[in-house]
Amino acid sequence: MAWPTGPPALGRAARKTLRGGSLSPHVSLLVVGTVALDNVETPYGKADDVLGGSATYFAAGASFFTQGIRIVGVVGDDFPHPKLEFLKKRGVALDGIEVVKGGKTFRWAGRYHFDLNHRDTLGTWLNVLETFDPKLPAAWRESEYVFLANIDPVLQSRVLDQIKKPRLVVMDTMNYWISSKKDELIKTLARVDVLIVNDEEARQLAGTPNLIKAAAIIRRMGPKTLIVKKGEHGALLFNDGSVFSAPAYPLEEVFDPTGAGDTFAGGFFGYLAKHGVLDEDHFRHAVLYGSALASFCVEKFGPDRLVDLTSAEIEERVGEFHELSRVPKGGLGSLPPRVSS
Ligand code: AMP
């Protein structure tokens, strides 16, 4: 069954974009991932049947930068379609989401610890994902940019098989797949340009506690670029011979970290796709935009904060990110002479 909506309708919110200019109309950014219903518990509250999924958060983040976002995924016919209306209004194409008649949507349940940097997965119900076989519409095989959001690595590979000549392939994954499908994951990894994971996942994947060593090991597995997210401690970008460290935004109120990683990826990739330049400087800016988007995501439960967010708010926060690690040029003079005792 196809998704019961027509082509994407650009709402007023979607017509304006970051840094003035119009949304990039010619970009094609395909994302395969989960569209989910989550049950989330944090120290501040509990909510059931919250809209979730890696593709959902990614598309929400990327939609501030570019048109031409296409979601490939699957839900059951228990999925409440109006929950995704806000993405359609932002110009995201939903017709690649298959609706399985009589099937149940993928579900995830998680509980966050007091420090919110750690969470326990209480349950993962693959449901319709177990038999999902993604088939891309012919026109989508030409997609320039591809994001393999967190999903079974076998499905990530099957999507890549169908893409003709992507300009950039970025991938995300999580501990669940590193533990259950490591061999398949490593095969997919060999085909991607950029991997985005959190620090625990990087250590688990590389089998070493030191992040710098882990980065070198992972980059030898395939991706030339590695981004390691460190929650409230920011993110690291590893490229050939360079490491860039972005701070995290010092938020006083974090309600629900769910989806922050995927929203980061959406901001990161949306920025790159909009500008179309894939050099170190653009990667660094993209990390700051991703971090800014993620910092908004955690302010409310589920993707709620991304629904009413404005481009002006994003630009303001990116400015604050620059200020966070700005050091005045010139220094304070030379060090005082050493006093020997
Ligand atoms: P994040 O907090 O960025 O790691 O993403 C959380 C989202 O990922 C939730 O909305 C879940 O529905 C989704 N999710 C959780 N576990 C999985 C999994 N094993 N595969 C794909 N998506 C998942």
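The first residue of the sequence shown is numbered 1, and numbering continues consecutively from there. First listed ligand is number 1; within each ligand, the first listed atom is number 1.
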**Report entry** Close-contact set for ligand 1 against Ala36 heavy atoms, below 4.0 Å
**Finding:** 12 (O)
Query - Tyr112 N/O to ligand 1 N/O under 3.5 Å - result: no
Report task. Would you check the N or O atoms of Gly261, main chain and side chain alike, for any that come under 3.5 Å of an N or O of ligand 1? Result -> yes
**Report entry** Which of the ligand 1 atoms, numbered from 1, are nearer than 4.0 Å to a heavy atom of Gly52
**Finding:** 10 (O)
Query raised in the report: Quick one: do the Asn175 and Gln204 side chains pair a donor with an acceptor below 3.5 Å?
Result: no
**Report entry** Numbered atoms and elements of ligand 1 in range of Tyr57, under 4.0 angstrom, heavy atoms
**Finding:** 10 (O)
Query raised in the report: Tell me, which protein residue and heavy-atom name are nearest atom 2 (O) of ligand 1, and how many Å apart are they?
Result: Gly259 N, 2.7 Å
**Report entry** From Leu51, Leu37, Asn175, Asp38 - option closest to atom 9 (C) of ligand 1 by heavy atom
**Finding:** Asp38
Query raised in the report: Backbone or side chain, does any N or O of Phe106 fall under 3.5 Å from an N or O of ligand 1?
Result: no
Report summary line: re atom 3 (O) of ligand 1, the protein heavy-atom contact at minimum distance is Asp262 OD2, 2.9 Å
Query raised in the report: Nearest to atom 22 (N) of ligand 1, what protein heavy atom do you find, and at what distance?
Result: Thr34 OG1, 3.0 Å
Report summary line: Short version for Thr258: what comes under 4.0 Å of ligand 1, heavy atoms counted, is both
Query raised in the report: Which atoms from ligand 1 have a heavy atom of Tyr176 less than 4.0 Å away?
Result: 19 (N)
Report summary line: Residue, atom and distance of the protein heavy atom nearest atom 20 (N) of ligand 1 read Trp177 NE1, 3.2 Å
Query raised in the report: Is it true that the side chains of Thr105 and Asp78 contain a donor and an acceptor less than 3.5 Å apart?
Result: yes
Query raised in the report: Charged N to carboxylate O below 4.0 Å: is that the case for Arg107 and Asp49?
Result: yes
Report task. Indicate yes or no: does an N/O atom of Ile151 lie under 3.5 Å from an N/O atom of ligand 1? Result -> no
Query raised in the report: Are Glu280 and Arg284 ion-paired here, with the side-chain N under 4.0 Å from a carboxylate O?
Result: yes
Query raised in the report: What is the closest protein heavy atom to atom 21 (C) of ligand 1, and at what distance does it sit?
Result: Asn150 O, 2.9 Å
Query raised in the report: Out of curiosity, is Phe264 lining ligand 1, as in a heavy atom under 4.0 Å away?
Result: no
Requested in this report: Could you tell me whether Glu184 and Lys187 make a salt bridge, using a distance below 4.0 angstrom between a side-chain N and a carboxylate O?
Outcome: no
Query raised in the report: N/O to N/O below 3.5 Å, does that happen between Arg119 and ligand 1?
Result: yes
Query raised in the report: How about Tyr289 and Phe65: are their ring centroids closer than 6.0 Å?
Result: yes
**Report entry** Stacked cation flag Arg317 on Phe296, 6.0 angstrom / 45 deg
**Finding:** yes
**Report entry** Salt-bridge criterion met for Glu253 and Arg305 (N-O under 4.0 Å)
**Finding:** no
Query raised in the report: Using 30° and 60° as the class limits, which term best fits the ring planes of His275 and His282: parallel, tilted or perpendicular?
Result: tilted
Requested in this report: For Met174, take its heavy atoms, then give the atoms of ligand 1 lying under 4.0 Å from any of them.
Outcome: 16 (N), 17 (C), 18 (C), 19 (N)
Report task. Taking atom types as modelled, find out whether Thr258 and Asp256 have a side-chain donor-acceptor pair closer than 3.5 angstrom. Result -> yes
Report task. From the options Asp152, Thr188, Asp133, select the one residue that forms a side-chain hydrogen bond (donor to acceptor under 3.5 Å, both in side chains) with Arg158. Result -> Asp133
